[in-house]
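As structure tokens, the structure follows; a few thoughts come after it.
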Number of protein chains: 2
Amino acid sequence: MLTIGKLGEAAGVKVPTIRYYEQIGLLPEAERSAGNQRLYGRKAQERLAFIRHARDLGFTLEAIRDLLSLSDRPDQSCAAADAIAKAQLAEVESRLARLTALKAELERMVVQCAGGKIADCRVIEVLGDHSLCATDHRHPETEATQ
Amino acid sequence: MLTIGKLGEAAGVKVPTIRYYEQIGLLPEAERSAGNQRLYGRKAQERLAFIRHARDLGFTLEAIRDLLSLSDRPDQSCAAADAIAKAQLAEVESRLARLTALKAELERMVVQCAGGKIADCRVIEVLGDHSLCATDHRHPETEATQ
DNA sequence: CCTAATGTCTCTAGCAACTATAGCTTCAAG
DNA sequence: CTTGAAGCTATAGTTGCTAGAGACATTAGG
Ligand SMILES: [Zn+2]
Ligand SMILES: [Zn+2]
Ligand SMILES: [Zn+2]
Ligand SMILES: [Zn+2]
């Protein structure tokens, strides 16, 4: 059995984060020692590694909660799990597209500035006027509504 | 002079967001009408457009605060402004690199799953074991939402 | 001129996913 | 046996908003 510190070290997760995961019900309540300290076995370790890995891949805690409860029912179809992964892939792809546009725009700004006074700074100028931009990089949420 | 609603419409910023920007000192306190409602002129409109555009390009409010105070001093060198833009570009580039690795890993997961029971699901399997991954996508830099 | 509908006001609380602090108790090494 | 690290709980802070409650202001229609 591991203490919370050892578990965190093993999984690459900070101690307060583990307690936070327990608090929100992502990890079950840990066993306690005689002195009221949390103790973890192999199962908890695997569960935390799963969470950590999914977080690294950008899944939200809500998605991870669903994936975990799916993984607890090995006999069922994996369609739901695959759908969550596909949604996450789509999310990553859309962020990638947006960031690519952002990068292009930022590069343009930075390259075009000759480096003089603020009054002539291309960075400041472009920030004040989107029509100087080459791409439409506006935020999806705000461009769709209103 | 515009009311807060008209200003928000013009700039593509929601009304509570404008009040929030004032509250945190990003926008100056607005003039008020006889009935205590906020009124905005051309200068405020430009400032808000600047903020909106910089947000769209992924700058933090803190960076925008600095950029705004720089843009208020047109005689000074623009080196500081350029540095902020370059830092933002670097940030975007590093997020792009990470997201690219994530995308590859998610694609692999999704493609490899044959779609049967959870017990055989490649998605669940890979999430539980990073050593099944082809790339090292770890190290979670702050996953800012954009 | 009155009324109804919308717009605006302040204030508070909530969202994700942690992170940090304070003030304790428990544990392990020397 | 003492000391310092590690653990405990509870609360508050982070970023950039967003949502709600309950009251006041403004505007369009009849
Ligand atoms: Zn410049
Ligand atoms: Zn632009
Ligand atoms: Zn599957
Ligand atoms: Zn991995």
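Sequence lines set the chain letters: A, B, ... in the order given, protein chains first and strands last, and positions in each chain run from 1.
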Using a 4.0 Å heavy-atom cut-off, write out nucleotides 4-9 of chain D from 5' to 3' as B (base contacted by protein), S (sugar-phosphate only) or - (no contact).
---SSB
Among A:Ile51, A:Leu7, A:Leu68, the one residue meeting side-chain contact (heavy atoms from CB on, under 4.5 Å) with A:Leu27
A:Ile51
Ionic contact status for A:Lys43 with A:Glu46, cut-off 4.0 Å
no
Please state whether the phosphate of D:dA25, meaning OP1 or OP2, lies under 4.0 angstrom from any side-chain nitrogen or oxygen of B:Ser33.
no
Report, as a single string ordered 5' to 3', how protein heavy atoms within less than 4.0 Å touch nucleotides 16-24 of chain C: B base, S sugar-phosphate only, - not at all.
-BBS-----
Taking ring-ring contact (aromatic ring centres under 6.0 Å, His included) as the cut-off, I'd like each qualifying pair that reaches into residues 41-92 of chain A, sequence neighbours left out, listed once.
A:His53-B:His130, A:His53-B:His137
In whole angstroms, how far is the P atom of D:dT18 from the CD atom of B:Gln23?
14 Å
Report the distance from atom CD of B:Glu9 to atom P of C:dT6, rounded to the nearest whole Å.
15 Å
Work out which heavy atom in A:Pro28 is nearest to a heavy atom in A:Glu22; give both atom names and the distance.
O-CG, 3.9 Å
For B:Cys78 and A:Ile118 the tightest heavy-atom approach is CA-CD1, 3.8 Å
Taking all heavy atoms of A:Val15 and all of A:Gly5, pick out the closest pair and write down the distance.
CG2-CA, 3.8 Å
Under 3.5 Å: donor-acceptor pair, side chain of A:Glu105, backbone of B:Leu57
no
CD1 of B:Ile24 versus P of D:dT18: gap in Å, rounded?
13 Å
Salt bridge flag under 4.0 Å for residues A:Arg98 and B:Asp56
no
